[in-house]
2 protein chains.
Amino acid sequence: MTTRWLTSKEQRAWRAYIAATHLLEDAIDRQLQQDAGMPHLYYSILANLSDAPEHRLRMTDLAERTKITRSRLTYAVTRLEKDGLLRRENCRWDKRGSVAALTEEGMATLERTAPGHVATVRASLFDQLTEEQVDQLEEICTGIARALESDDARPAPDEVPWRRRSSPSCP
Amino acid sequence: MTTRWLTSKEQRAWRAYIAATHLLEDAIDRQLQQDAGMPHLYYSILANLSDAPEHRLRMTDLAERTKITRSRLTYAVTRLEKDGLLRRENCRWDKRGSVAALTEEGMATLERTAPGHVATVRASLFDQLTEEQVDQLEEICTGIARALESDDARPAPDEVPWRRRSSPSCP
DNA sequence: TAGGTTTGTTTCAAACTTGAACCAAGCCCG
DNA sequence: CGGGCTTGGTTCAAGTTTGAAACAAACCTA
């Protein structure tokens, strides 16, 4: 089958997408590194914990929410633990598991740095968009994420493996 | 001034954005690593060169187009040069400068791997979007990029330094 | 035209990411 | 029970990214 290249409209969109995502990720990383001493991902990990019941989550759940690999998470959590911002506990219901728990200090760091982070996200993203564009962005991103998570991902036009995880952190 | 937190609509959009961009970047990196033995950024570098007149660009231009730092580019170009996919030449008009030039082999690699790459971009992104959404995405991303490039970036509500670069690669 | 600043690029060490391999602990079924 | 498969996490080496510092050529400007 002969390749269906991108139309010029698609090319423009793709280029704009690449530029925007690189620039945005850079801006946010820079700001957080500056003000919180950590990159965006690490901040997200703390933020996810602070949203969770009891400020704690299983490693796998955390990886799932932040959309990163387990090994990347392990490294990040080790660093954050060293910094005293979270603590590793072992899961009571599954002896294999470990749980990351936000510490007081982690919570404090989050509270101290959240305003600056939000301000950056606003200035870089939401201040540039109309209300409708915010809706559109959500719609678009949700669609992309759905596709990639369900492995509609592959160009290959064939069967869907359909393995999904379950296992909550507290049964 | 008291922080203006994200509305729940904005939060949803932001989370969706993070998820989509992570998943998409991962999917594309995985595919290219698999089929071309290099991550997306490296492919982009080659692609940008192939688009340029004479298949060559100044380092700074290349960094500008790919939206990455000069030092990151230096590393990437060194690797690609080692692989024989491009060559470094020194700029004839500016003795400080160096120029990256796509080799035959680089061009061949690009030609060989482009179809797979396009297929992945399509499957992961464009196949999920309506025509209007493609327009919306372009619009949104262009806005974000414009803001971040002109340093409307900063949350700080003050003066704009306004330093812009010029200097084309071939005067 | 000398001296100071700016611009283009590289270098270096420290931090981070990747993917494959590994180790347990749970799970399943004869 | 007793293997064998799956799942949750970590480890390790190789590769990549970061940011600050170093260099060198180019560009002022008095």
Side-chain angles (χ1 to χ4, degrees), chain A residues 22 25-34 36-45 57-83 88-100 161 163-171, chain B residues 22 25-34 37-45 57-64 66-83 88-100 161 163-171:
Chain A
H22 278 196
E25 201 37 15
D26 273 17
I28 291 183
D29 267 340
R30 219 173 5 264
Q31 183 267 323
L32 279 173
Q33 192 65 58
Q34 186 89 167
M38 66 182 92
H40 186 200
L41 174 62
Y42 291 58
Y43 180 92
S44 301
I45 289 173
L57 282 173
R58 289 284 297 260
M59 292 298 274
T60 299
D61 287 341
L62 205 40
E64 178 79 15
R65 295 188 194 212
T66 47
K67 313 298 182 208
I68 62 172
T69 60
R70 260 100 107 275
S71 90
R72 192 178 177 186
L73 180 61
T74 294
Y75 180 88
V77 163
T78 302
R79 196 263 231 198
L80 291 170
E81 188 172 27
K82 228 167 256 160
D83 293 351
R88 248 189 265 248
E89 300 173 350
N90 26 18
C91 180
R92 264 188 290 166
W93 303 279
D94 183 343
K95 279 183 202 139
R96 292 168 303 181
S98 60
V99 174
R163 52 198 136 69
R164 284 291 64 203
R165 65 185 72 271
S166 47
S167 77
S169 41
C170 310
Chain B
H22 278 198
E25 199 40 12
D26 273 16
I28 291 183
D29 268 339
R30 218 173 8 261
Q31 184 268 322
L32 279 173
Q33 191 66 58
Q34 185 88 166
M38 65 183 90
H40 186 200
L41 173 63
Y42 292 58
Y43 180 93
S44 299
I45 290 172
L57 282 173
R58 288 286 295 263
M59 293 298 274
T60 298
D61 287 341
L62 204 40
E64 178 80 14
T66 47
K67 313 299 182 204
I68 62 173
T69 60
R70 259 108 94 233
S71 88
R72 192 178 178 186
L73 181 62
T74 295
Y75 180 89
V77 164
T78 304
R79 195 261 235 198
L80 291 170
E81 187 171 31
K82 227 165 258 163
D83 293 350
R88 247 189 267 248
E89 300 172 350
N90 27 17
C91 180
R92 262 188 292 167
W93 302 279
D94 183 344
K95 279 183 204 141
R96 293 169 301 180
S98 63
V99 173
R163 51 198 137 68
R164 284 292 64 202
R165 67 184 72 271
S166 47
S167 76
S169 41
C170 310

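Letters A, B, ... are given to chains in the order of the sequence lines, protein chains preceding strands, and every chain is numbered from 1. Note that the structure is predicted; figures quoted are calculated from it, not measured.
- Using a 4.0 Å cut-off between a side-chain N of Lys or Arg and a carboxylate O of Asp or Glu, A:Arg58 and A:Asp94 qualify as a salt bridge.
- When the nearest nucleotides of DNA chain D are assigned to A:Asp26 and B:Lys95 by heavy-atom distance, the more 5′-ward of the two goes with A:Asp26.
- Following rounding to the nearest Å, A:Tyr42 (OH) and D:dT18 (P) show an atom-to-atom distance of 13 Å.
- Each of B:Val99 and B:Arg30 lies near DNA chain C, and the nucleotide nearest B:Val99 is the one positioned closer to the 5' end.
- Where B:Gln33 and A:Gln33 meet DNA chain C, the nucleotide closest to each residue was compared, and A:Gln33 sits on the side nearer the 5' end.
- Look at A:Arg65 and A:Asp61 and you find no salt bridge, because none of the NZ, NE, NH1 or NH2 atoms lies under 4.0 Å from a carboxylate O.
- If A:Met59 and B:Ile68 are placed on DNA chain D by their nearest nucleotide, the residue sitting closer to the 5' end is A:Met59.
- A:Asp83 places its CG atom 9 Å from the P atom of C:dC16, with the value rounded to the nearest Å.
- Side-chain atoms of B:Arg70 stay outside donor-acceptor range of the base of C:dT9, with no qualifying N/O pair under 3.5 Å.
- Judged by distance alone, with hydrogens and angles left aside, B:Arg96 brings a side-chain donor or acceptor within reach of the base of C:dT7, the pair sitting under 3.5 Å.
- For DNA chain C, the residues of residues 71-80 of chain A within the heavy-atom distance limit of 4.0 Å (strictly under) are A:Ser71, A:Arg72, A:Tyr75, A:Arg79, sorted by number.
- When side chains are defined from C-beta on, B:His22 does not count as touching B:Asp26, because their heavy atoms never get closer than 4.5 Å.
- Here the side chains of B:Asn90 and B:Lys95 are not in contact, with every heavy-atom distance at 4.5 Å or above.
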Which pairs of donor and acceptor atoms, one on a side chain in residues 37-45 of chain B, lie under 3.5 Å apart (sequence neighbours left out)?
from, atom 1, to, atom 2, distance (Å)
B:His40, ND1, B:Glu25, OE1, 3.3
B:Ser44, OG, B:His40, O, 3.1

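- When the P atom of C:dC16 is taken as reference, atom CD of A:Glu25 falls 14 Å away, rounded to whole Å.
- In this view, B:Ser71 and B:Thr69 satisfy the side chain to side chain contact (heavy atoms under 4.5 Å, CB included) rule, not counting sequence neighbours.
- Atom pair B:Gln31:CD and C:dG19:P shows a separation of 13 Å (rounding to whole Å applied).
- The side chain of A:Asp94 lies closest to D:dG8, out of D:dA25, D:dG8, C:dC16.
- Of the listed nucleotides (D:dT10, D:dG9, D:dT17), D:dT10 has the atom at the smallest distance from the side chain of A:Arg88.
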